[in-house]
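Chain identifiers are assigned alphabetically (A, B, ...) following the order of the sequence lines, protein sequences preceding nucleic acid strands; residue numbering begins at 1 within each chain. These figures come from a predicted structure and were not determined experimentally.
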2 protein chains.
Amino acid sequence: MPQPSAPRKTLGRPPRISREEVVTTARRIVDAEGVDRLTMRRLATEIGSTPMALYHHVRNKEELLVLLLDDYATRTLHRPELPAQPRERVVVAAATIHEALAACPWIVEVLTADDLMATSALWFVEQIVDGLVACGLSPERAVHGYRAIWYYTAGEIVVRVTAARRRTDDDRPTYRERVFAELDPSELPRLAQVADQWSPLTAEDTYLDGLRALVDGLLAPR
Amino acid sequence: MPQPSAPRKTLGRPPRISREEVVTTARRIVDAEGVDRLTMRRLATEIGSTPMALYHHVRNKEELLVLLLDDYATRTLHRPELPAQPRERVVVAAATIHEALAACPWIVEVLTADDLMATSALWFVEQIVDGLVACGLSPERAVHGYRAIWYYTAGEIVVRVTAARRRTDDDRPTYRERVFAELDPSELPRLAQVADQWSPLTAEDTYLDGLRALVDGLLAPR
DNA sequence: GCAAGTTTTTGTACATGTAAGGAAAGTAGC
DNA sequence: GCTACTTTCCTTACATGTACAAAAACTTGC
């Protein structure tokens, strides 16, 4: 039985770099210098290879970012103590995911994946679906409820992050500011009424309030 | 009083193209061949100019897309008959916006603007905020409520569109499919239970249900 | 050892958005 | 007319993601 040092049964040219090495190096670059500095060329030289070689371990840059998110989630998304009350369990599970994602704003492109499918996040999804069922929803409605929560959560982060990004890009008055400055109070009275507080109001973090409202609404008898 | 043909009081070299022409031509390209075919070079040649000339009428490509969205909204977002009941008014206003945006899926990048600020959409925002106030919310809470609705709406579209985009890009089994195939029923029983229905379930259009739940939750006495 | 087959790596090439600097085309003051 | 100034436009150049084809480095069957 000869297999002293794994006698290489694999076919073809042996790889010099691995998918893991790609992801790890990418993570190092992102952590150190931000996601903007992560280019395929940079990554390749850092890893001692060529850009196109990466494409044998990663389908494209977007998939690399997905892997980075997955990696990030695995490392930072720890399971918290969840409350016993199922409704509150749903809220806390969703809020935990939200908190982790919000702290890592470079993944906006990835965030729009149709689901949060990092393996480490599945436990949270389970908690949400299960909590909704425990509150009386059918499994089908519970899945729909989870989706609604995900839409709301992903939307909040995407909107907030891109808004912040735009702000730093540019100092000129925002489109929004111009629009609000010219509001016709006779046509749009409510907006005119809150116009000068719009920016501070929308800057407030009301994710939890909205989440609670959504969960309450999902669980209310119809 | 000589001003027979508008005696050119403007300084500098007279423009040969206008922002409007840029937007109009861009719209024609997008309508005819899809947003992927809209490149700055293509647009420039179509308009009989050079790529960099466009940048004097449009800050960058993203702003061009924002303008396209604005234009699109102005043309297609007609004010519907809104129900008298304020809660229902909120729902219908939001649903109308959602419907218009969902029909025009190429604007995902733009959609993530921090607010729906096309002038033609403001009336709907007004209706939503006003409806929430009419249901008893303070103006501040009404604005937060509108934001929650916007997060939910934008999130739904972004998630759905990018999911669809990914699907056409690629025929290989989705990450999601792989993950669900390997679910451990003892650890994630609920997900295992719905695993085989996950795709059809999440493909269903439940925007309205979620919206109603959210609005109900926002308006429920706390 | 050699031919065939397989997988990884590399080199070259292209499309794209856009930065930078200067040329062009006009007005205003003289 | 000429100079200064302003605005718009054009040329060139670069960074980036990635398609494509060929080369390289293996295994397997002979």
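In the set dC10(D), dG17(D), dT10(C), the nucleotide with an atom closest to the side chain of Lys61(A) is dG17(D). Between dT11(D), dT27(D), dG17(C), one nucleotide has an atom nearer to the side chain of Thr50(B) than all others, and that is dT11(D). The side chain of Leu11(A) has dT27(D) as its nearest neighbour among dT18(C), dT27(D), dT8(D). Out of dT11(D), dT16(C), dT9(C), the shortest distance to the side chain of Thr39(B) is found at dT16(C). Proximity note for Arg13(B) (side chain, C-beta onward) versus dA25(D), dC9(D), dT27(D): the nearest is dC9(D).
The CD1 atom of Ile47(A) sits 11 Å away from the P atom of dT10(C) (whole-angstrom rounding). Rounded to whole angstrom, the span from the CE atom of Met52(A) across to the P atom of dA13(C) amounts to 14 Å. The CD1 atom of Ile17(A) sits 15 Å away from the C1' atom of dA25(D) (whole-angstrom rounding). Protein atom CG of Asn60(B) is 8 Å distant from nucleotide atom P of dA19(C), rounded to whole Å. Counting to the nearest Å, the P atom of dT8(D) and the CD atom of Glu21(B) are 14 Å from each other. Atom-to-atom, CG of Leu64(B) to C1' of dT18(C) comes out at 14 Å; the value is rounded to the nearest Å. Between the CG atom of Asp36(A) and the P atom of dA15(D) there is a distance of 16 Å, rounded to whole Å. Atom-to-atom, NE2 of His57(A) to P of dT9(C) comes out at 4 Å; the value is rounded to the nearest Å.
In terms of modelled atom types and a separation under 3.5 Å, the side chain of His98(B) and the main chain of Tyr207(B) share no donor-acceptor contact.
The side chain of Ser49(A) places an N or O atom within less than 4.0 Å of a non-bridging phosphate oxygen (OP1 or OP2) of dT10(C).
Of the residues near DNA chain D, His56(A) and Met40(A), the one whose nearest nucleotide (by heavy atom distance) lies more toward the 5' end is Met40(A).
Within 4.0 Å (heavy atoms only), Leu38(B) reaches sugar-phosphate atoms of the nucleic acid but no base atom. Using a 4.0 Å heavy-atom cutoff across all strands shown, Leu43(A) reaches no nucleic acid atom at all. Across all strands, Arg41(B) comes closer than 4.0 Å to base atoms (heavy-atom distances).
Side-chain contact between Glu126(B) and Glu187(A): absent, with no pair of heavy atoms (C-beta onward) separated by less than 4.5 Å. Between Val90(A) and Tyr146(A) the shortest side-chain heavy-atom distance does not fall below 4.5 Å.
For the residue pair Arg147(A)/Tyr151(A), the side-chain donor-acceptor check at 3.5 Å is satisfied.
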### Message
One pair to check against salt bridge (Lys or Arg N to Asp or Glu O under 4.0 Å): Glu46(A) and Arg28(A). What are the steps and the verdict?
### Response
CA-CA 10 Å; Glu46(A) 197 99 345; Arg28(A) 211 182 52 225; 3.4 Å; yes
